[in-house]
Amino acid sequence: DADDISLPDRFEKQVEFLNDHPEIWIVGGQIIKINASGEEVEKLSYTSNPHVLRWNMIFGQIGIVSHPGSMIRKKAFNDFGLYQNLQTCQDLEFWGRFIDQEYLPIYNLDIPILKYRWHDQNIGNTKTEIQNSIANTIRHNLLVKGLGYQEFENDRDIVSAYISDQALLYNSHECLNLILAWLKMYRNFSARYKVDKESQRIIFNQILFRIRVYITLNPFKLFSQKRLNFWKAVPFLSIHDSWRILFYKLRRSLIKWRH
């Protein structure tokens, strides 16, 4: 984080927001990813939707708050403790402590606040396996804490298979179990945290994006490797879920065909 660049008005904007919103304890913002030479590579988007933030604590592929871009009230540490002594992912573990707060005290400004430098020496590049292992353990613990879920033969698979594309590691039966588990988690999550319709739509679209890797519409299994055949999954899915998965796959296929 030492070579990241805060934008000139970052602290002013964050302090102003915290002063105006005492209910928020942690505030971040949008991030501009740059390379070693300082050239802009892409923009990283961070949501402020509390339900999506909670879901992302367990199943998200992007951080809750950009750690180097965060501003945290002292109260957050006083009430929830300091960072754990972990090799990496200290921020993910800390954000996860707030998952059961009735009002999630986390917010991301909708403006860029930081230029995040990405290069070969980033922890995400030098300690990828360690980082993934620790992150999966943290997310699994949140899965149990937030949803009380301990039914899968290997609960960590529910998280790790969702976060990264690992369809080749599972046979079709295991792919089906993973998909059914994610859908069940979605419904349990929506009920427990009283998720509104719009947030449900956003989260379900995230799930569809993950499911696409594990399921194929090809009835002949050509080029599908170990993926689950959609038509064999239909008897195990609700009609609503079946239609949504089918339309999502068809829409993505049409977009690819057009390009």
Side-chain angles (χ1 to χ4, degrees), residues 1-33 44-117 122-124 127 130-132 134-148 159 163 189 192-196 199 202-203:
D1 298 345
D3 56 356
D4 297 332
I5 304 172
S6 289
L7 297 186
D9 59 350
R10 170 197 165 180
F11 296 117
E12 177 187 355
K13 296 295 185 183
Q14 288 181 308
V15 170
E16 180 182 0
F17 183 85
L18 289 173
N19 287 338
D20 292 342
H21 299 84
E23 74 280 5
I24 298 297
W25 297 356
I26 302 167
V27 61
Q30 308 310 304
I31 304 300
I32 299 173
K33 189 175 178 180
L44 303 179
S45 178
Y46 289 80
T47 184
S48 286
N49 183 310
H51 297 302
V52 178
L53 284 172
R54 281 195 179 92
W55 177 262
N56 287 348
M57 288 177 183
I58 303 175
F59 290 114
Q61 287 188 294
I62 190 170
I64 311 307
V65 178
S66 170
H67 194 209
S70 63
M71 183 174 285
I72 307 172
R73 293 186 191 274
K74 181 180 177 181
K75 180 176 176 58
F77 295 111
N78 288 341
D79 290 3
F80 286 84
L82 301 175
Y83 292 129
Q84 281 194 4
N85 185 23
L86 301 173
Q87 287 181 274
T88 182
C89 299
Q90 297 91 341
D91 54 334
L92 177 62
E93 190 280 329
F94 185 71
W95 312 144
R97 299 179 201 176
F98 299 90
I99 192 170
D100 279 336
Q101 293 298 293
E102 184 175 355
Y103 187 93
L104 192 68
I106 300 175
Y107 191 87
N108 286 299
L109 302 178
D110 60 2
I111 58 173
I113 60 170
L114 182 86
K115 292 185 177 181
Y116 176 69
R117 197 179 304 275
N122 284 106
I123 289 179
K127 298 183 178 180
I130 295 175
Q131 187 177 50
N132 289 342
I134 293 175
N136 285 340
T137 298
I138 293 170
R139 293 180 187 279
H140 169 257
N141 291 339
L142 288 173
L143 179 66
V144 176
K145 175 184 177 183
L147 298 174
V159 174
I163 297 298
F189 179 90
R192 172 158 183 165
Y193 296 109
K194 299 179 176 60
V195 180
D196 61 89
S199 299
I202 294 172
I203 293 170

Answer yes or no: is there a donor N or O on one side and an acceptor on the other, between the side chain of [X] and the main chain of [Y], under 3.5 Å?
{"X": "D4", "Y": "R117", "result": "yes"}
{"X": "Q30", "Y": "L109", "result": "yes"}
{"X": "R73", "Y": "I26", "result": "no"}
{"X": "R139", "Y": "G60", "result": "yes"}

Enter the distance from [X]:[atom1] to [Y]:[atom2] here, rounded to the nearest 0.5 Å.
{"X": "Y46", "Y": "D110", "atom1": "OH", "atom2": "CG", "result": "15.5 Å"}
{"X": "I31", "Y": "I113", "atom1": "CD1", "atom2": "CD1", "result": "4.5 Å"}
{"X": "L18", "Y": "E23", "atom1": "CG", "atom2": "CD", "result": "9.5 Å"}
{"X": "C89", "Y": "N136", "atom1": "SG", "atom2": "CG", "result": "9.0 Å"}
{"X": "N141", "Y": "M57", "atom1": "CG", "atom2": "CE", "result": "14.5 Å"}
{"X": "E16", "Y": "H21", "atom1": "CD", "atom2": "NE2", "result": "10.0 Å"}

Should the pair H67 and W95 be assigned to parallel (<30°), tilted (30 to 60°) or perpendicular (>60°) ring geometry?
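Perpendicular.
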For I130 versus Q87, what's the shortest heavy-atom pair and its separation?
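Answer, listing the atom of I130 first, then Q87: CG2-OE1, 3.8 Å.
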Considering only heavy atoms from C-beta outward, does the side chain of [X] approach that of [Y] to under 4.5 Å?
{"X": "I203", "Y": "F59", "value": "no"}
{"X": "T47", "Y": "N108", "value": "no"}
{"X": "L53", "Y": "N49", "value": "no"}
{"X": "I134", "Y": "L92", "value": "no"}
{"X": "L114", "Y": "S66", "value": "yes"}
{"X": "R54", "Y": "R192", "value": "no"}
{"X": "L104", "Y": "F98", "value": "yes"}

Using the rule given for side chain to side chain contact (heavy atoms under 4.5 Å, CB included), can you reason through I32 versus Y116, listing the C-alpha separation, both sets of side-chain angles and the distance that settles it, and then say yes or no?
CA-CA 6 Å; I32 299 173; Y116 176 69; over 6 Å; no
Hey, do the aromatic rings of F17 and Y107 have their centres closer than 6.0 Å?
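That pair passes the under 6.0 Å test.
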Side-chain donor-acceptor pairs under 3.5 Å in residues 7-14, sequence neighbours left out?
{"unit_1": "R10", "atom_1": "NE", "unit_2": "Q14", "atom_2": "OE1", "d": "2.9"}
{"unit_1": "R10", "atom_1": "NH1", "unit_2": "S6", "atom_2": "OG", "d": "2.8"}
{"unit_1": "R10", "atom_1": "NH1", "unit_2": "P68", "atom_2": "O", "d": "3.2"}
{"unit_1": "R10", "atom_1": "NH2", "unit_2": "P68", "atom_2": "O", "d": "3.4"}
{"unit_1": "R10", "atom_1": "NH2", "unit_2": "G69", "atom_2": "O", "d": "3.4"}
{"unit_1": "R10", "atom_1": "NH2", "unit_2": "S70", "atom_2": "O", "d": "3.1"}
{"unit_1": "Q14", "atom_1": "NE2", "unit_2": "V27", "atom_2": "O", "d": "3.1"}
{"unit_1": "Q14", "atom_1": "NE2", "unit_2": "G69", "atom_2": "O", "d": "2.8"}

Name all residues meeting the side-chain contact (heavy atoms from CB on, under 4.5 Å) criterion together with D79; count only those two or more places apart in sequence or in a different chain, and write none if there are none.
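Applying side-chain contact (heavy atoms from CB on, under 4.5 Å) to D79 gives W25, K75.
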In sequence, state the C-alpha distance, the side-chain angles, and the governing distance for Q84 and R97, and then conclude on side chain to side chain contact (heavy atoms under 4.5 Å, CB included).
CA-CA 11 Å; Q84 281 194 4; R97 299 179 201 176; 3.8 Å; yes
Would you say D91 and Y83 are linked by a side-chain donor-acceptor pair, where the criterion is simply a distance under 3.5 Å?
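Not at all, the side chains of Y83 and D91 share no donor-acceptor pair under 3.5 Å.
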Side chain to side chain contact (heavy atoms under 4.5 Å, CB included), that's the test. Do F94 and I64 meet it? Break it down for me.
CA-CA 10 Å; F94 185 71; I64 311 307; over 6 Å; no
Would I138 and Q90 count as a side chain to side chain contact (heavy atoms under 4.5 Å, CB included) here? Give the steps.
CA-CA 10 Å; I138 293 170; Q90 297 91 341; over 6 Å; no
